[in-house]
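Heads up, the thing below is written out as structure tokens.
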Amino acid sequence: PSQKGLGKTLDVILYDGSLALNDTIVIGGIDGPIITKIKALFEPAPLSEMREKRTKFLPVKEVQAATGVKISAKDIEPVIAGMPLESVKGNDIEEVKARVQSQVKEVMIETDATGVIIKADSLGGLEALITLLRDKGISIKKASIGLVTKKDVSDAEAVLKQDPLLGAIIGFNVDIQQDVQAGHVKVILNNVIYKLIEDLERWQAESRQRIENSQLDLLTRPFKFELLRGYVFRQSNPAVCGVSVEGGTVRTGVQVMRADGKPITMVKGIQREKENLEKAERGAQVAIAMPDVIIGRQINEGDMLYSFIPEEEFVKLKEFKEFLSVDEKDILREIAGLMRKGNPVWGI
């Protein structure tokens, strides 16, 4: 915090040893240790809480652990909350620098090949966030302290290309730097650490379903329809017949087959009460136009026609079974049974 007449100061919890005026201190930093000398020390007045804004501080020459103390020193603008601090006091300064920075490196990680980017306002917050994410089995690409920056977004974009479920930045008690555009990267910020985890898991679940649905949309979905007797409107060029959708959703542009497993025609158009449709769901009675086929020759009234599903698409559909409706699953099994009459290992 900034103290009137002193500029930026450090609020420190001294839990071991002592600090005195003119002591050389080493403070952990992201880009290396910060070395400075204590210009002034202040203790909160008796019965005061140092975190209160109106607390009065009294100047002292030396403080002993364990206590809270305010430190005034030069060149401390880059200091980030939560960093370790240690006085030199006759010790080898290089040894102290190494010891302090080792505590920082324990948290400033870059270990997983891919994972989320996490930010926090302090070392303690970062440690807590890392622990929670590790417990959830969520990999971490980088962890650091401070605002969300362009570099963080760039790192997350690289992750996004590898794994769309990890292309996110998680920020605990921090904001996004001004003028930084997140683009396709998901940025999740919150001051409640458990809420961050909940929001991340919700986003991952929604993203997973969206990805799987988009992949599913590229596959031929199972459906079947029956040619209604007495509703042949045209026998050929194209054949047009009234049908009853018995399962799944009939869509235009999809090849259809007979019960012998051979593709015979396709759904060229769907119409109901002179309205053109892109699809017709189970229970619907519609007119379907089918090219390159003659009703009464290749197909007949009362026939059941099925969507023709190539074997490689059938295998993929099995992976997405949880996203298929109950009747789609039933039709998929029925289609597999028809195809395996000619090839016992079809789709296996």
Side-chain angles (χ1 to χ4, degrees), residues 28-33 80-84 98-218 315-316 318-323:
I30 294 176
D31 299 319
I80 295 171
M83 286 295 183
R99 188 161 53 240
V100 167
Q101 283 305 105
S102 69
Q103 296 176 52
V104 177
K105 287 179 181 178
E106 285 177 7
V107 178
M108 312 298 281
I109 65 168
E110 186 174 349
T111 55
D112 296 331
T114 189
V116 296
I117 309 298
I118 66 173
K119 305 297 294 267
D121 64 333
S122 69
L123 209 58
L126 204 61
E127 287 177 317
L129 188 52
I130 289 170
T131 299
L132 286 174
L133 288 169
R134 293 291 193 217
D135 288 345
K136 292 288 185 177
I138 298 169
S139 58
I140 301 166
K141 174 69 175 176
K142 283 186 179 179
S144 60
I145 293 169
L147 298 174
V148 175
T149 66
K150 288 182 181 179
K151 179 65 166 60
D152 297 324
V153 172
S154 176
D155 290 337
E157 284 175 342
V159 172
L160 193 62
K161 294 175 183 177
Q162 297 175 304
D163 189 335
L165 299 181
L166 292 175
I169 298 171
I170 315 302
F172 174 51
N173 228 17
V174 296
D175 292 318
I176 189 165
Q177 207 171 58
Q178 197 171 8
D179 299 329
V180 172
Q181 301 296 321
H184 296 295
V185 169
K186 179 67 175 178
V187 178
I188 302 172
L189 306 177
N190 209 294
N191 295 341
V192 180
I193 198 165
Y194 294 103
K195 188 72 168 58
L196 277 174
I197 306 300
E198 290 174 5
D199 290 347
L200 174 62
E201 290 180 326
R202 185 182 303 109
W203 171 75
Q204 287 183 324
E206 291 170 354
S207 298
R208 185 179 293 109
Q209 185 163 358
R210 186 171 60 254
I211 292 165
E212 290 174 343
N213 284 342
S214 66
Q215 292 176 338
L216 192 57
D217 287 342
L218 299 175
V315 173
K316 290 180 181 178
K318 289 197 297 183
E319 297 175 9
F320 295 114
K321 278 196 301 184
E322 61 182 299
F323 298 104

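The residues of the chain are indexed from 1 along the displayed sequence. The basis for the numbers below is simple: all heavy atoms, side chains too, and nothing from hydrogens, waters or symmetry mates.
Separation of atoms CD1 (I130) and CD (E127) is listed at 7.0 Å; rounding is to 0.5 Å. If you take CD1 on I170 and CG on L189, they are separated by 8.5 Å, rounding to the nearest 0.5 Å. To the nearest 0.5 Å, atom OG of residue S139 and atom CZ of residue R134 are 7.5 Å apart.
Residues satisfying the salt bridge (Lys or Arg N to Asp or Glu O under 4.0 Å) test with E319, not counting sequence neighbours, are none. By the side-chain contact (heavy atoms from CB on, under 4.5 Å) test, V180 is found to be paired with K150, V153, I176, Q177, residues two or more places apart in sequence or in another chain being considered. Qualifying side chain to side chain donor-acceptor pair (under 3.5 Å) partners for Q162, counting only residues two or more places apart in sequence or in other chains: T114. Listed by chain and residue number, V116, I118, L129, I138, I140, I197, L200 satisfy the side-chain contact (heavy atoms from CB on, under 4.5 Å) test with L133 (two or more places apart in sequence, or in another chain). The side-chain contact (heavy atoms from CB on, under 4.5 Å) check on S207 picks up L165, W203, R210, with sequence neighbours excluded. For K136, the salt bridge (Lys or Arg N to Asp or Glu O under 4.0 Å) partners are E201, not counting sequence neighbours. Scanning for side-chain contact (heavy atoms from CB on, under 4.5 Å) contacts around L216 gives L219, R221, L317, F320, F323, L324, with sequence neighbours left out.
Residue pairs satisfying the salt bridge (charged side-chain N to carboxylate O under 4.0 Å, His left out) criterion with at least one member in residues 168-195, sequence neighbours excluded, are listed as follows: K195-D199. Evaluation of the salt bridge (charged side-chain N to carboxylate O under 4.0 Å, His left out) test over residues 152-169, restricted to residues two or more places apart or in two chains, returns K119-D152, K142-D155, K151-D155.
For A120 against G125, the heavy-atom pair with the smallest separation is CB-C, 3.9 Å. Of all heavy-atom pairs between P164 and I211, the closest is CG-CD1, 3.6 Å. Scanning both residues, V185 and A156, for their nearest heavy atoms gives CG1-CB, 3.6 Å.
Judged purely by atom type and a 3.5 angstrom limit, Q101 uses its side chain to pair as donor or acceptor with the backbone of G29.
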- Query: Given the rule in the side chain to side chain contact (heavy atoms under 4.5 Å, CB included) test, do F172 and L126 qualify, once you have shown the distances and angles that lead to the verdict?
  - Reply: CA-CA 8 Å; F172 174 51; L126 204 61; over 6 Å; no
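The shortest side-chain heavy-atom distance between I145 and M83 falls under the 4.5 Å cut-off.
Atom CD of E322 is surrounded by more than 12 heavy atoms from other residues, nucleotides or ligands within 6.0 Å.
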